Amino acid sequence: MQGLPLVFENVAKAFRIKGQALPVIERLSLDCPSGSFTALLGPSGCGKSTLLRLALGLEDAEAGAVTVGDEQPRAARRTGRVGVAFQDAALLPWRTVESNILVPFEVLGSPPPSAERMRELIKLVGLTGFEKARPGELSGGMRQRVAIARSLATEPRLLLMDEPFGALDLILRRQMNLELQRIWSQSRPTTLLITHGVDEAVYLADRVVVLSQRPARIVADVTIPFERPRPADLHRAPEFHELCDEIGSYLDHSADGADS
Amino acid sequence: MNGSGNRAATLVLLVALIVIWEIAGQLQLVAGGTLPAPSAILARIFVDRADYWPHVLATLRTSAAGFVIGNAIAILAAICFCVWPFSERLMRGVNIAIFAVPPIALVPVLVIALDGEVARITLAALLVYFPTMTATLSGLNDIDPRTADLISAYGGGRFRALRMVRLRAAVPAMMSGFQVAAPAAVLGAILAEFGSGARWGLGTYLLGSLGRAEPDRLWGIGVTATAIAGVGYGLAALVARMTTGVNRAVTMAPEPPQAGDAEHRMRSIAMTIAAIAFPFLVWQALLVISQLSPIIAKTPLGVVDYLFFSNASAVAQQKLLAALAETIPITIGGMFLGLAIAFVLALIAFAAPTIMNALLPFALITQTMPLVALTPLAVLIFGRGVAVTLVITVSVTFFAAFVVLAQGFALIPRAAFDLVDAYGANTVKKLWLVAIPASRNWLFVAARLAMPKALLGVMIAEWLATGRGLGNLLNQSRGYLDYGMIWTVALVSVLVAVALYQLTYAVDRMTRPR
Amino acid sequence: MNLNFNRRHFLKTATAGAALAFTPQLARKAFAASPLTMQAAWINDAEFCGYFTAMAEGDYESAGLDLTYLPGGPDVIPESSIISGKADLALTTPDTTIKAIVDQGAPFKIIGAQYQKNPIGIVSLAKAPINSPEELKGKTLAVPPVNVMSVEAMLKLNGVDAAEVNIVPYAYDPTPLIKGEIDASLDFTTNVPYTIEQQGEKAVSFLLYDFGYKTYNDTVVVTEDVLANKRPELVAWLKASRAGWNENFVDPAVWPPKFADTWFKGTGRTIENEIFFNTAQKPLMEHPDGIFAMDEAGVAANVETLNSIGIKATPDMFDTSLLAEIQA
């Protein structure tokens, strides 16, 4: 199974507030080839999440085109080959952990995963024993892990993640990064990861794209050379830090530059 | 604080209130003994017990049927309005008309157009419809938007989101609607029995007992009606409590992105015109279907003709304007007062649930005790001026608003309170910093429920106590079979209610934080 | 304006026709007893005791009627029931009926009058008695909004300025009168004095009728259409109802107890109350020509009274020909 390519072509999007148009994205093109892992970095409110919503067909671009595989986002998402983890876990509070993971299957009308696969998924995100817990009984980090398990459960060919590890502590976050890399390497879905963490982006992605402040433009597009599988101690390697510093400077620059 | 301790405190307070009532009744402290002691009421129910059964059974049957039918239609309607928002706009006028049309104008027409029991169930269902529909719709719409996104992200349409997210998320709101609907159904059944010449029913019993100057009998009927409504209220409250805890959002939902002015201006204007015209079309259609005599049933054009082109129009206009001048100012005062009292009660329910639980049975009595039975007491205590009008108006308005606000406070995320708790905030601070801003939307829902009711309350007071304004005009017109004026007053009262309703929408929009 | 029959009426007729055509037994029964529906003016009380007596005595059956009796109530406008075809005849107050004829063109005819003298009057407490319109000056009087015009007319007839009387709405409950919040109320003098005495007070009252407001009450009203199509049934009804009233008035204390478990069960009122009512109404209903009579002087007095309050009544609104038939 091939990853689905994701292509943004001259995309523009604006929001209207009190009748005034506020451009969020202006003529942005981004090509995520099949099986690639792209991380998006950028200042808060720069339109990263909007890009993800465009890829899901939750918003429509005002100009340009978004293509998933060879389809429109709305058609693609119905195939069950797109997985998503939102910034906030977006769990249904009245459903248990297990039942929340089953939501995509119910929506798609596809057969639910086997009990064994479910156990595996829950173990993967370290929630064994919490299968029957409701979101209200979980910590913020645990809820995010449910959301990650849910995004992976359908074995997507395009994985869209919006700061999925935002609420996790550093140790857990690195652990989850390692796991994500492992799962990703097994099936190689095309992945678009939105994050605030430069090190996370560098560790996970093949390519890190830095966006400017609103309206979003690409200010840097950096290829990450490290071979996979990337070991946990890559985080301590000097070349890793160099790359992080470089990307960090683009990021600082993008934040400064926008106001002028 | 522990649960059983709270329950004990509630019980103590409740008993204390009843003891105070008992003493006031025994010593004839209120209005020269017009307020009977609880023991006297119970003793009287016991004496009358043989009479009660057929009446209670009839009222139970009518109100239960009205409750079920009204709620079923309300929920279906709310679902339609949620899935197709344009239908809500189209039906808004009809909805408010249903809510705002005074039962004293409606019952005579229902009684003519429908057969006895059908007419009574219809009134109960009509009174049930609006509170449940409004509450359910706000529950369906007021969801965590990210969960709806999730369903869309996997290709689910709006029906899927409806089934998997909205319907379940709306349960607590729906239940708060049921809590208002339960007393409304009982009141509707009793009002219809009272007016329609039913052989059996608590309303019939009340009518027969009214002329006998025996307050203990009247209160006995009121307490019985309250008990029936209390069962429905209690069941709904139980389900609400069971579902609310689970439903409570885990974090505050961010403000959803603004949808933008996607709607074309021309379409918007067309929509508004359609929304205004639609109730009149429904009105005309219902008359055509019911085939009532044109003497009784005035069409929209018939009312215009009556008010502007008939021989009687000059007199009619003069009477109407004079009545409006008396009714409108006090309506506005009454609605703010009713809303303020609802807000205070909801605050009490939030800050001191012990006190509120003890007060609740008394609040419920005001909802199910037909005002006609309470009027002598109200008149003896408050006279026949502005005070009695305000009291009656508040008693009509506060309850629905209170239930909605209390539900709104209950749904505030825990995390929000944890935050201010962390800074050692006391209850007042908690209210000020979190509860009041967070329940803002619920306050407007409450206001929308209270506004049309305020007009109704004023009209009832005018009809029963003060003999002024629109309520009196309506009642006199009924006596003279002046159907032109009956329909005109009904129409004008609905229009005023719609205007007030739209006003709350406008204020809501203008003051919405960005 | 023409009377529009509603669909229910049409269906009823159609069903009856179908029954006639297809079921011989039913047809014979329908032929034997013509259906007739009457709309009463209020819930079951002694005001309608004569009809209950007639039913108990089988007077309607022997007159060939299959009578359906509909109780009234505050929201039942009896005239509406006959316009809508729900009932064939209704007991009404003559002022509203005639106002509807004049103002709305309603096709009504009055074919009889239950009360020769309208029982409504001014009731006050014996300890602060009000015995004449003159004495109402400066007092608070509770009047059902429907009757305000009548009261104002009565005051005018007696040279009292209506502005000198504080008129407030009356809502069925005499408690404010007993507690002294109001000084007098307008109500059925056949009924309320009993309640007041039950509460340990004495009541005095005077009829509006005795102070120049000479109207009937519980007038028997039909539409012109019913009058044309069901004349024999209406005559039969008048005759049977008169028989019932006559029997009832032989001793006003006899019949109300017999209805304790039927008509008067669970009405919230006592049988003693109904006996009081029944006794008090007897002199208001009796007439040398029999119950329901509408003699020339009576009709003239009604017309004059109603014209004095601006309701343009004419004698032709009263159709005495049916009464003449049962007189013969």
Side-chain angles (χ1 to χ4, degrees), chain B residues 31-32 34 50-52 54-55 104 107-108 110-113 115 192 194-200 204-215 217-218 290-296 312 372-373 375-377 379-380 384 462-467 472 475-476 478-484, chain C residues 1 3-8 40 42-45 70-77 79-81 83-84 86 95-97 99-100 103-106 143-149 167-169 171-181 187 191-192 195-196 198-199 265-270 273:
Chain B
T34 305
D51 279 350
Y52 264 102
H55 292 309
I104 48 172
V107 180
L110 283 181
V111 166
I112 298 163
D115 281 314
F194 185 90
S196 74
R199 180 65 183 88
W200 299 107
T204 308
Y205 197 37
L206 179 69
L207 179 61
S209 304
L210 259 187
R212 297 187 46 82
E214 290 170 343
R217 163 79 67 75
L218 302 184
S290 67
Q291 299 201 343
L292 287 170
S293 156
I295 293 178
I296 298 174
V372 68
T375 303
L377 180 66
V379 163
L380 285 167
R384 292 181 188 268
E462 289 170 339
W463 165 43
L464 291 173
T466 65
N472 193 54
N475 202 30
Q476 275 193 355
R478 261 169 38 136
Y480 296 130
L481 298 187
D482 187 350
Y483 284 101
Chain C
M1 219 179 286
L3 174 72
N4 277 18
F5 271 115
N6 77 352
R7 192 168 49 180
R8 183 181 306 110
W42 200 245
I43 54 171
N44 299 349
D45 62 18
L70 302 177
D75 291 327
V76 177
I77 302 165
E79 288 91 338
S80 302
S81 289
I83 294 179
S84 68
K86 248 190 162 158
D95 36 357
T96 59
T97 303
K99 201 170 176 357
D103 293 353
Q104 326 271 338
V143 181
V146 179
N147 300 105
V148 168
M149 254 170 67
I167 296 178
V168 296
Y172 315 108
D173 189 335
T175 302
L177 176 62
I178 295 165
K179 297 291 176 197
E181 193 259 335
D187 207 325
N191 192 24
V192 172
T195 307
I196 292 171
Q198 287 293 297
Q199 299 299 318
K265 184 179 165 61
T267 57
R269 299 154 53 89
T270 60
N273 191 351

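Below, chains carry the letters A, B, ... as their sequence lines are ordered, and counting in each starts from 1. If you're wondering where the values come from, they're calculated on a predicted model, not measured in any experiment.
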(request) Output all residues satisfying salt bridge (Lys or Arg N to Asp or Glu O under 4.0 Å) with C/D173, sequence neighbours left out; order by chain, then residue number. (result) none
(message) Out of C/S80, C/A106, C/A100, C/S81, return the one with the most heavy atom pairs under 4.5 angstrom to chain B.
(response)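 Of the candidates given, the most pairs with chain B belong to C/S80.
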(request) Could you check which of C/G73, C/P169, C/P144 has the highest count of heavy-atom pairs closer than 4.5 Å to chain B? (result) C/P169
Taking side chain as C-beta onward, heavy atoms only, is [X] less than 4.5 Å from [Y]?
{"X": "C/E181", "Y": "B/R384", "result": "yes"}
{"X": "C/Q199", "Y": "B/E214", "result": "yes"}
{"X": "B/F194", "Y": "C/P74", "result": "yes"}
{"X": "B/R212", "Y": "C/T270", "result": "yes"}

Counting only heavy atoms closer than 4.5 Å, note whether [X] contacts chain B via side chain, backbone, both or neither.
{"X": "C/N273", "result": "side chain"}
{"X": "C/N191", "result": "neither"}
{"X": "C/V192", "result": "neither"}

Between [options], the one whose heavy-atom pairs under 4.5 Å with chain C are most numerous:
{"options": "B/G211, B/A213, B/G484", "result": "B/A213"}
{"options": "B/R217, B/H55, B/R199", "result": "B/R199"}
{"options": "B/G195, B/G197, B/P54", "result": "B/G195"}

(message) Which atoms of B/Y483 are under 4.5 Å from chain C, going by heavy atoms: the side chain, the backbone, both sets, or neither?
(response)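 Both parts, backbone and side chain.
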(request) Identify which part of B/L206 has an atom lying under 4.5 Å from any heavy atom of chain C, answering side chain, backbone, both or neither. (result)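 Looking at B/L206, nothing touches chain C.
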(message) So, using side chain to side chain donor-acceptor pair (under 3.5 Å) as the criterion, who are the partners of B/T466 when residues are at least two apart?
(response)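 Side chain to side chain donor-acceptor pair (under 3.5 Å) check on B/T466 returns nothing, list empty.
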(request) Return yes if some donor-acceptor pair links the side-chain N/O of C/K86 with the main-chain N/O of B/V111 below 3.5 Å, else return no. (result)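 Indeed, once roles are kept as given, a pair shorter than 3.5 Å links the two residues.
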